[in-house]
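What you see below is based on every heavy atom in this structure, not just the backbone, and it leaves out hydrogens, waters and symmetry mates. Letters A, B, ... mirror the listed sequences (proteins, then strands); counts begin at 1.
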There are 2 protein chains.
Amino acid sequence: MQSYTEENYLKTIYHLAEKTINVQTNAIAEQMQTKPASVTDMIKKLADKGLVDYIKYQGVTLTETGKNTAIDIVRKHRLWEVFLVDKLNFKWDEVHDVAEELEHIKSIELIERLDEFLGFPKADPHGDPIPDKNGRFAKTQFIKLIELTIGDQGTITGVTQHSSAFLKHLEKLGLTLGKKIQISDVTDFDGSVEILLSDKQVNISREVAKHILISSNGKN
Amino acid sequence: MQSYTEENYLKTIYHLAEKTINVQTNAIAEQMQTKPASVTDMIKKLADKGLVDYIKYQGVTLTETGKNTAIDIVRKHRLWEVFLVDKLNFKWDEVHDVAEELEHIKSIELIERLDEFLGFPKADPHGDPIPDKNGRFAKTQFIKLIELTIGDQGTITGVTQHSSAFLKHLEKLGLTLGKKIQISDVTDFDGSVEILLSDKQVNISREVAKHILISSNGKN
DNA sequence: AAAAATTTTTAGATTTACCTAAAAATAAAA
DNA sequence: TTTTATTTTTAGGTAAATCTAAAAATTTTT
Ligand SMILES: [Mn+2]
Ligand SMILES: [Mn+2]
Ligand SMILES: [Mn+2]
Ligand SMILES: [Mn+2]
């Protein structure tokens with residue numbers, strides 16, 4: 001059984017490992033809003049418990065057990081987010097902090113029944129895939145909006161930034177999950193992107209475009 | 001902001017105060033499954049925070065703030081229990097431990113919306129009243145089944161024991177909330193009680209009868 | 001390959017929530 | 001009203017998760 005803190009470390013390492021193979025101490029510290037010295041302490045503990053492989057100065061990787069534990073927490077986090085949005089009418093920018101707490105409730109029965117109650121959803125309100133009870137989920141192979149060129153079409157299927165400010169901004173522009181879009185222009189000067197929606201046209205900065213995921217329907 | 005542990009202490013003190021005016025250190029220790037010395041430590045801390053009034057060797061009482069905090073936790077506990085039973089199909093004997101964790105999730109918005117989602121329930125699955133968002137609730141004035149005499153009628157409206165063993169036992173006997181009953185006999189020898197249900201007759205021990213609450217329809 | 005910069009670890013403290021054992025206060029019994 | 005029993009508190013300590021400051025290892029730059 002892991003502590004609330006250990007679970008948060010495992011989840012953080014899991015997410016960082018999606019980008020880099022070996023996860024660095026400093027990266028964990030930054031993500032967890034703590035100090036590198038604290039991270040080293042915790043890494044040793046997790047290594048002792050067999051949840052991570054650790055070589056001094058070389059960063060960490062999750063063991064099979066550690067990875068499974070992390071995925072289970074991600075599953076809980078995302079299922080709770082679906083609950084908050086679908087059942088309690090939270091907005092997609094309001095759910096993260098509460099889910100951060102709910103993900104630590106320790107009851108297998110609870111999460112199985114919640115999953116069923118929600119109709120076994122495949123994705124959370126931000127488009128992130130929800131692992132099934134065996135930890136399996138399809139690796140979503142979405143394209144970043146920034147990578148599209150003029151004429152490309154697609155559907156908004158995810159975001160890679162969960163801050164309330166960013167999500168509220170998208171909401172205001174009408175760029176929510178499931179919306180069909182087409183790139184109508186890309187400005188050379190600042191890289192901003194002009195997007196055609198069904199009913200209107202919006203302009204987003206390059207920075208925003210980086211964090212929107214699209215399931216592409218290919219050219220034209 | 002209180003810690004998980006502080007909240008549990010406040011809740012325990014609140015419940016003990018329903019029975020005795022001044023709550024004793026040992027009583028808290030027993031309830032919290034900890035040692036009296038630890039309780040003394042925590043009491044001092046709670047007193048420093050203005051959550052309890054404390055005179056050495058004289059036990060504690062909750063301050064207004066402390067009481068409000070405790071009631072808020074009770075509210076959360078009971079609302080989550082309703083959620084688990086009504087929405088996730090848990091049995092009434094399976095919800096306590098999970099609610100024990102869920103009650104500590106810190107989000108006013110969450111609990112308001114949950115309350116609404118559940119239809120503003122007035123009682124939890126064990127018949128205990130649910131405080132409203134202002135901490136107000138009707139003091140339920142139910143009679144213990146043990147206090148009834150032959151011929152008395154009433155409806156089962158609560159239990160004063162939440163152990164799974166006890167609740168499962170009641171379930172098996174068909175003694176669930178809302179059931180109408182009539183006392184058909186009380187055995188002198190062991191104090192066991194014979195109860196008439198709509199469709200059958202059951203016999204319960206004095207010990208069981210002590211923990212069932214009845215809203216009485218008066219004699220006959 | 002040295003020097004400089006960065007990353008990571010150790011050493012030593014702090015805080016929270018516990019504990020045991022012993023002392024002190026209070027309550028009950030003789 | 002002593003003596004005895006019970007309750008409660010203090011004293012001193014442990015383990016988990018932090019921290020700061022300084023040392024060590026690694027990486028990058030000259
Ligand atoms: Mn989230
Ligand atoms: Mn999410
Ligand atoms: Mn309960
Ligand atoms: Mn209850």
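- Remark: B:Lys139 is positioned above the aromatic ring of B:Phe137, its terminal NZ or CZ atom under 6.0 angstrom from the ring centre and at most 45 degrees off the axis.
- In this structure, B:Ser38 does not reach the C:dC18 phosphate: none of its side-chain N or O atoms is under 4.0 Å from OP1 or OP2.
- Salt bridge status for B:Lys67 with B:Glu18: absent, with no side-chain N to carboxylate O gap under 4.0 Å.
- Under a cutoff of 6.0 Å and an axis angle of 45°, B:Lys87 and A:Phe83 do not form a cation-pi pair.
- As a whole-Å value, the separation of B:Asp41 CG from D:dG12 C1' is 12 Å.
- Residue-level contact check: B:Thr40 touches the bases, meaning some heavy atom is under 4.0 Å from a base atom.
- Within the 4.0 angstrom heavy-atom criterion, only backbone atoms of the sugar-phosphate kind lie near A:Thr5; the bases stay farther away.
- Comparing A:Ala37 and A:Ser3, the nucleotide of DNA chain D nearest to each residue sits closer to the 5' end for A:Ser3.
- If you measure from atom CG of B:Asp48 to atom C1' of C:dT15, you get 15 Å, rounded to the nearest angstrom.
- A salt bridge is absent between B:Lys44 and B:Asp48: the closest approach of a Lys/Arg side-chain nitrogen to an acidic carboxylate oxygen does not fall below 4.0 angstrom.
- The distance between atom CE of A:Met42 and atom C1' of D:dA15, rounded to the nearest whole Å, is 12 Å.
- Between the NZ atom of A:Lys35 and the P atom of D:dA16 there is a distance of 23 Å, given to the nearest Å.
- Regarding contacts with the backbone of D:dA16, every side-chain N or O of A:Tyr9 stays at 4.0 angstrom or more from both OP1 and OP2.
- Here A:Asn26 reaches the OP1 or OP2 of C:dT8: one of its side-chain N or O atoms lies under 4.0 Å away.
- Dashed line: the shortest gap from a side-chain N or O of A:Thr34 to OP1 or OP2 of D:dC19 is under 4.0 Å.
- One finds no side-chain N or O of A:Lys44 lying less than 4.0 angstrom from the OP1 or OP2 phosphate oxygen of C:dT9.
- Dashed line: the shortest gap from a side-chain N or O of B:Tyr54 to OP1 or OP2 of D:dT9 is under 4.0 Å.
- Between B:Gln24 atom CD and C:dA27 atom P there is a gap of 9 Å when expressed in whole angstrom units.
- The CD atom of A:Gln58 sits 9 Å away from the P atom of C:dT8 (whole-angstrom rounding).
- When the nearest nucleotides of DNA chain D are assigned to A:Glu6 and A:Tyr57 by heavy-atom distance, the more 5′-ward of the two goes with A:Glu6.
- Checked for salt-bridge contact, A:Lys11 and A:Glu100 meet the test: a charged N lies under 4.0 Å from a carboxylate O.
- Counting to the nearest Å, the P atom of D:dT7 and the CD1 atom of B:Ile43 are 15 Å from each other.
- Spacing between atom CD1 of B:Ile55 and atom P of D:dT9 amounts to 11 Å, rounded to whole angstrom units.
- A sub-4.0 Å separation between OP1 or OP2 of D:dT7 and a side-chain N or O of B:Lys56 is absent.
- As judged by a 4.0 angstrom heavy-atom cut-off over every strand, A:Tyr4 is placed among residues making no nucleic acid contact.
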